[in-house]
There are 4 protein chains.
Amino acid sequence: MSGTDPITRALEEVRAAFITDRRGEVATYIPQLSATPPDLFGISLASLDGRVYSAGDSDYPFSIQSVSKPFVHALALADHGLEAVLARVGAEPSGEAFNAISLDPGTGRPANPMINAGALVITSLVTGASPEERFARIRSMLEAFAGRELALDEAVYRSEMETADRNRALGFLMRSAGSLTADVEETLDTYVRQCALLVTTRDLAIMAATLVNGGVNPLTGEAVVTSQVASHVLTVMGTCGMYDYSGEWLLRVGLPAKSGVAGAVMAAKPAQFGFGLFSPRLDARGNSVRAVEACQELAERFGLHLLNHPGRVTPATYLDATDRERRSSAVRSATESAVLDARGDAILIRGLQGDIGFAVAEQLLHSFDDLLAAANASPRWLILDTDRVGLVHPAAAALLRATARDLAANGVTCVVADRTGRALVEGAPLFPSADAALSWCEEALIALATR
Amino acid sequence: MSGTDPITRALEEVRAAFITDRRGEVATYIPQLSATPPDLFGISLASLDGRVYSAGDSDYPFSIQSVSKPFVHALALADHGLEAVLARVGAEPSGEAFNAISLDPGTGRPANPMINAGALVITSLVTGASPEERFARIRSMLEAFAGRELALDEAVYRSEMETADRNRALGFLMRSAGSLTADVEETLDTYVRQCALLVTTRDLAIMAATLVNGGVNPLTGEAVVTSQVASHVLTVMGTCGMYDYSGEWLLRVGLPAKSGVAGAVMAAKPAQFGFGLFSPRLDARGNSVRAVEACQELAERFGLHLLNHPGRVTPATYLDATDRERRSSAVRSATESAVLDARGDAILIRGLQGDIGFAVAEQLLHSFDDLLAAANASPRWLILDTDRVGLVHPAAAALLRATARDLAANGVTCVVADRTGRALVEGAPLFPSADAALSWCEEALIALATR
Amino acid sequence: MSGTDPITRALEEVRAAFITDRRGEVATYIPQLSATPPDLFGISLASLDGRVYSAGDSDYPFSIQSVSKPFVHALALADHGLEAVLARVGAEPSGEAFNAISLDPGTGRPANPMINAGALVITSLVTGASPEERFARIRSMLEAFAGRELALDEAVYRSEMETADRNRALGFLMRSAGSLTADVEETLDTYVRQCALLVTTRDLAIMAATLVNGGVNPLTGEAVVTSQVASHVLTVMGTCGMYDYSGEWLLRVGLPAKSGVAGAVMAAKPAQFGFGLFSPRLDARGNSVRAVEACQELAERFGLHLLNHPGRVTPATYLDATDRERRSSAVRSATESAVLDARGDAILIRGLQGDIGFAVAEQLLHSFDDLLAAANASPRWLILDTDRVGLVHPAAAALLRATARDLAANGVTCVVADRTGRALVEGAPLFPSADAALSWCEEALIALATR
Amino acid sequence: MSGTDPITRALEEVRAAFITDRRGEVATYIPQLSATPPDLFGISLASLDGRVYSAGDSDYPFSIQSVSKPFVHALALADHGLEAVLARVGAEPSGEAFNAISLDPGTGRPANPMINAGALVITSLVTGASPEERFARIRSMLEAFAGRELALDEAVYRSEMETADRNRALGFLMRSAGSLTADVEETLDTYVRQCALLVTTRDLAIMAATLVNGGVNPLTGEAVVTSQVASHVLTVMGTCGMYDYSGEWLLRVGLPAKSGVAGAVMAAKPAQFGFGLFSPRLDARGNSVRAVEACQELAERFGLHLLNHPGRVTPATYLDATDRERRSSAVRSATESAVLDARGDAILIRGLQGDIGFAVAEQLLHSFDDLLAAANASPRWLILDTDRVGLVHPAAAALLRATARDLAANGVTCVVADRTGRALVEGAPLFPSADAALSWCEEALIALATR
């Protein structure tokens, strides 16, 4: 294909639409950040196959800042589990700014891991025998998400340490309340280091893609965290990732996301891809002006909202009218053929297709009601042809298993036909094709009839 | 099938698991509510086909209370659009209790439509020439969501009006700040009436199912609101629906939900089904103890979390190795047959299957890279067989259109084969079967070759 | 004296110094108030004899607004006592604006009677069988403080009722919390009426003078409230009277005061006089710009600060070196004269002068140490000449009584000489002059010596 | 006097009344403090002559803690003046606990110098080239107030430094907001040192007495601070000294006071004496249970409330009916005698007595109205006999001067008679006795009449 592909073109169009917007201010509270050229603007999209599409300044390295928070949260979750982490840092959006105090009046527990107070406690929770080891593990985790080694911007680190008094204050407030048990200065140092790691929009896109790929880095194939940890991290990003714009962001964009004070926004489309954006000028809430606009445009253009209605669930089955007539190509004797000619509904074939979620499984379950109601007392076989089935959600799998048990209790034997040998119904006879399955069922029917 | 179905059985098992939990207190701040038998416990699930599965007290009528908020929010959105509503009521979770003040210091704008202050403004926004008409429209909206007429509990209404001083205070605070422009007493009266409408868990399940069915009531087929309005309502439920437990709820259960002080919880699994639960005893945050527990159990058992990883995206295409050899069954002359025998990659057939989201479309797009790279300068045809395709997400559709344009620019003609006449690529020649499409492409190839 | 007196001249100078200051804005939240000519500026000072000195617009009637609060507080204290009132409304300054919510999180008790929330509860506490009677009592109380009948500005009353939504909200908030038990609308109506009573700076000066005159109106001589109630009211004015400027006001001006939104400031110099000021333009805290400036100037010019050091306490006694030689003018026999000639320190005379506070009493007490130490075992008499004594503070009186008991236990008889018959030491022999007392002591001495 | 004096007895009675109250808890947040014997209870009263009366454990040394705040505030005021200090630390009571954050949202300025945040800034404001010098100056200031050297409790200092995280947090919060410009750790170290200085109730009584003695230590006679600084410090103690009990304390006790977490309360009766109390068990607000009770009892028993009504102001003049007849004892010729016989009101004598405040001066001023109105055009003399005058308040002095100028303008010559040579009216002829003044006036009258 000559020229750029449609995805790259879309990113370039969106970039062009907002490149002229010069509203907002480069962050100054970390002096070193204020030196960033304010007109930079990069957008990257990473697929779950690890392909990255980019527009603009996608290779400019900037400090990751608060976008590090979800990944260190992931590390803490991996180290201690959800309950232990929740006991120390809540998961409630606070409707407040990134540097809000937002500590529980009684316990000093910070509201969530995305505000600075919560992020400090999360950093302190990372397992490690020393601050050095703790930071090394954090850095490794971020590198595993990015799929490459990340440099540390020493100038940003030093600059931020010098102006970290508010975070230091949060640390001491929590220490006095008992909600931070680690050394404040050590924790702060580690936190500021993690914030000073250098990334590009390309990295952020891959990092986001890793989160929505069940924790598996699409570039390296490494299972960085479990899919459960990734799901928890995405949830907290969904409600708390964009500071006091989080609610409106989710309403307008509908993607779990995280912003950083250097001008980064990372957003993730579950099961589809990751976004990384960068443009240094921030709005009053501390989010990059252009990155927010670009995400809103991309979300609208591509219909990315998490809660958009995907349309009517497709019928689960594609074989219906014709299966009653179907016969296997096996050569039969006349007697056997007569049995088969009279088989009626004794052997049913259902071809399933598409992704099988709870709704589809429930439809399928329901479709047996009439069949079973109309069934006579004679034995029956149900062949499920699953060649065209995509994903099977856990809820659906559980339901199918239960359904198979119910069918067995009613004298119906479930048989699965799948070219790839996938056993959709555990314990059911499995054949490589519907024809093979049908032949087996016919044998059984003949055996019974001629016994 | 004898006995109950697996879904009903699952609901009954979950109900049995928590029926012995008698923690929490029936709400007393509305005196009438305190008369509710505390041991009631009902769970219902409604499919997007309108089938309802229930366990326990699913027909006990209780006042809907705060669960009315999302539906009146939906009505206000339908009346005025997102921007106009957002201008009056924010969308930020406040991390605060249901009766928190949470007004913007400058403007008095309430934080979100799920806290009482926000709900009062939302109610006041409903179009209507009189309070009576406004309430009539609200009632109709809730009835359209439920799919049946809803009675009003006069005793609860009167009881709540007598103890509505805090809501009255919120109303006057907002009126003095200019964020509520309607009459306080009239607004309060309408709000308290909406809260006193009687529903069952069955109703709540249908109402939730309507929201995740793109606004179409699965019982009545009525398009109650647009899918966009439904998406907005679900988003706000997702971040603000469970008061100051909203964040942790989303983390643990992962479903948009709304609770009410009578003991109700309504939860919705996008594109799959709706839940309605009821058990009067409330925890300290005002959420039904058992309903929360049951939802957590159901979410875990059925893997319902919105951000759970669904597993690896399936390959989009199912025909590959064999299509190059394929020929239409049309009878050809020898010359024509020779042309066809030599066609090489001039005619490609791709069978697509499953749901086509952005990720699948991107894979497909990418799969053409190699093909195009290997292509010679001669004209080519690409047949997309979409018979097995389920949903096509908007993002994917846009990408496919752009891809088709790119292909055309490279001399490749896209042709669609679809039994149901669905034109996946707008403007492409459309045939009822791959064979018919192939025949058409062959004719074109022969015509060119023999010109 | 021709022309004006020095006090009037001082008031006029101060008024002239600030009349050109046109900063601030006339209150607009009560629409009717915004019609007040903004350049009005009046200052009045009322002495404890009821003389009023004024400069500028001292007869312009304006609505009393929040300056009514201390007087209704006084009425509630008179009706129920300090403890009962404190149980319902606190006495803590809140550092917040006049319309702040400032309710105790647990009980809803408002912080103090000077913020609107507290004032509403105070108004509701006034005894009365009906709202009419309650308002009648409030009006009578304010009239008793002013010493004349006060008209009600109907236009202001109606205007404020229409814009009283924030106060209405405070009422309902407190009602829902249980801290306001009366009907909200009735309480609000009474409160808004009390705020709409018309006063002049002259009235305010008299009202303040009444407070610092132990509750006795200096014009009418009526004991409006007890001196204890007046003291409580002044204390709360001292810490809470000027909204969130109260602390700095007390630092700079040092007088209990109360401001009102119409532009009034009332200030009181304990035991000395009352101020009333009026100028409609308000600063950001809701206090009259010029009135605050004028009070600061007057306080500095006249050294009015409550906690200014008054200078060294004066010696309590003015007779010392000469009293040992002193003899009564009574004619004595030779024997008697001989006794008297040898009396040594047997009869002491102490002339006391000035106000006798604790410090003076303590000095006096201490002055006896040496005398008693030097005394022999023979009986002695101590004559206290109190003709020149002004005020005797309760603490001093108690101390003097205790001292007299101690002296008696040591054989010293206390005798009081006072022209006006004031018995400084209860139970001590009392004579109209030091000479008469001396004569009586001499008789006693002679009687003992010649027995 | 045998046995104890009445003041000591009163202190002992009050101590005995509350010694059995064992409510409250010894502070534990500074571990070292929790080792204090909880039953200690001392009360001291220091007069402005430096006499100290005590009951109970008045010599037990305890760390001064927050009671140091007013004195360091005094030092900062002495170093920089009121305006400069106010610009950095407000003077508004916050109605909050001692360790509240209470910083101005915009500027980070702490609410007042009595909360920890404010005290830290105040400590940082003390002039000094090094932390050591700064602490040395603070220590010297406290020692000057106490009149003796104060030891530092090293154990308490170290214990508090280890648990000072909340104060450290306040420091960093203010530093990040720009309201604390000094080094946080150095400031904290100095502050914790100042808190660890050891005092007794005796010391606190003297320190308080110094404040109400115009800044002059009654023991040493040293002018520690100006009376203006002392007045400012007392005012802030009055509104903010007892944490969130400050308002109710002022209502009930009516004395500027300061409490400390070791169990100390220091209270000051303006112009009269100072109190020091100590009992370690604290109430929920952090004030010593018994010390608060004892102060309330002492205030009530001795009528100490600052705003108690002192009673009716005494007439300023004691000579009235007889002065018109009075003649000097000078020998006159017959002609001269005739002139004097006919003098009428040409020579007036006024004896003034007591303290002369504004109210008395105003009475005096007013008393001339009638006299002047009745006067003929002939010259007149007014003799003011000030022998019995105590204090003359500045406001009264100003008024008397203005009055004298007015009288002169009306042809009345003011003449002062004062044994001690005090010139109450500047510029007026001054004589050692009324008789000498009268003689001078008579000469003048005769000279005019016989010219």
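So that the names make sense, note that chain A is the first sequence line, chain B the second, and so on, each numbered from 1.
- In this structure the side chain of D:I115 never reaches within 4.5 angstrom of the side chain of D:Y243, judged on heavy atoms.
- Heavy-atom distances place the side chain of C:L45, and not its backbone, under 4.5 Å from chain D.
- Between the side chain of D:D406 and the main chain of D:A408, no donor-acceptor pair closer than 3.5 Å is present.
- The candidate from D:A111, D:A268, D:S246, D:A10 with the greatest count of non-hydrogen atom pairs under 4.5 Å with chain C is D:S246.
- Under the 3.5 Å distance criterion, the side-chain polar atoms of D:N112 are matched with a main-chain donor or acceptor of D:E92.
- Although no hydrogens or angles enter the test, the distance criterion places no donor-acceptor pair under 3.5 Å between the side chain of D:E248 and the main chain of C:A91.
- At a 4.5 Å heavy-atom cutoff, the contact between C:V212 and chain D is made by backbone atoms alone.
- Note on C:L234, C:L251, C:L306: by heavy-atom pairs under 4.5 Å with chain D, the leading option is C:L251.
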Salt bridge (Lys or Arg N to Asp or Glu O under 4.0 Å) assessment of C:R301 paired with C:E13: CA-CA 11 Å; C:R301 190 181 275 228; C:E13 283 166 27; 2.6 Å; yes

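- Proximity to chain D (any heavy atom under 4.5 Å) is restricted, for C:E83, to the side chain, taken from C-beta onward.
- Taking D:T239, D:V392, D:L250 one by one and counting their heavy-atom pairs under 4.5 Å with chain C, the maximum is reached by D:L250.
- A heavy-atom distance below 4.5 Å is not found between the side chains of C:F302 and C:V14.
- The parts of C:H232 that come within reach of chain D are both its backbone and its side chain, each placing non-hydrogen atoms under 4.5 angstrom from that chain.
- Checked by atom type and distance alone, the side chain of D:T386 never pairs as donor or acceptor with a backbone atom of D:V389 at under 3.5 Å.
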Derivation of the salt bridge (Lys or Arg N to Asp or Glu O under 4.0 Å) call for C:D5 and C:R51: CA-CA 12 Å; C:D5 60 280; C:R51 281 181 296 276; over 6 Å; no

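- In terms of heavy-atom pairs under 4.5 Å with chain C, the best-connected choice from D:G254, D:S47, D:G90, D:S227 is D:S47.
- Residue C:R401 does not touch chain D at all, counting heavy-atom pairs closer than 4.5 Å.
- For a residue to count as touching a neighbouring chain, one of its non-hydrogen atoms must lie under 4.5 Å from one of that chain's; by this rule C:L82 touches chain D with the side chain only.
- In terms of heavy-atom pairs under 4.5 Å with chain D, the best-connected choice from C:A397, C:P270, C:G357, C:S231 is C:S231.
- In this structure the side chain of D:V89 reaches within 4.5 angstrom of the side chain of D:P110, judged on heavy atoms.
- Of the atoms belonging to C:F273, it is side-chain heavy atoms, and not backbone ones, that fall under 4.5 Å from chain D.
- Contacts with chain C were tallied for D:R405, D:H305, D:K269; D:H305 has the most, counting heavy-atom pairs under 4.5 Å.
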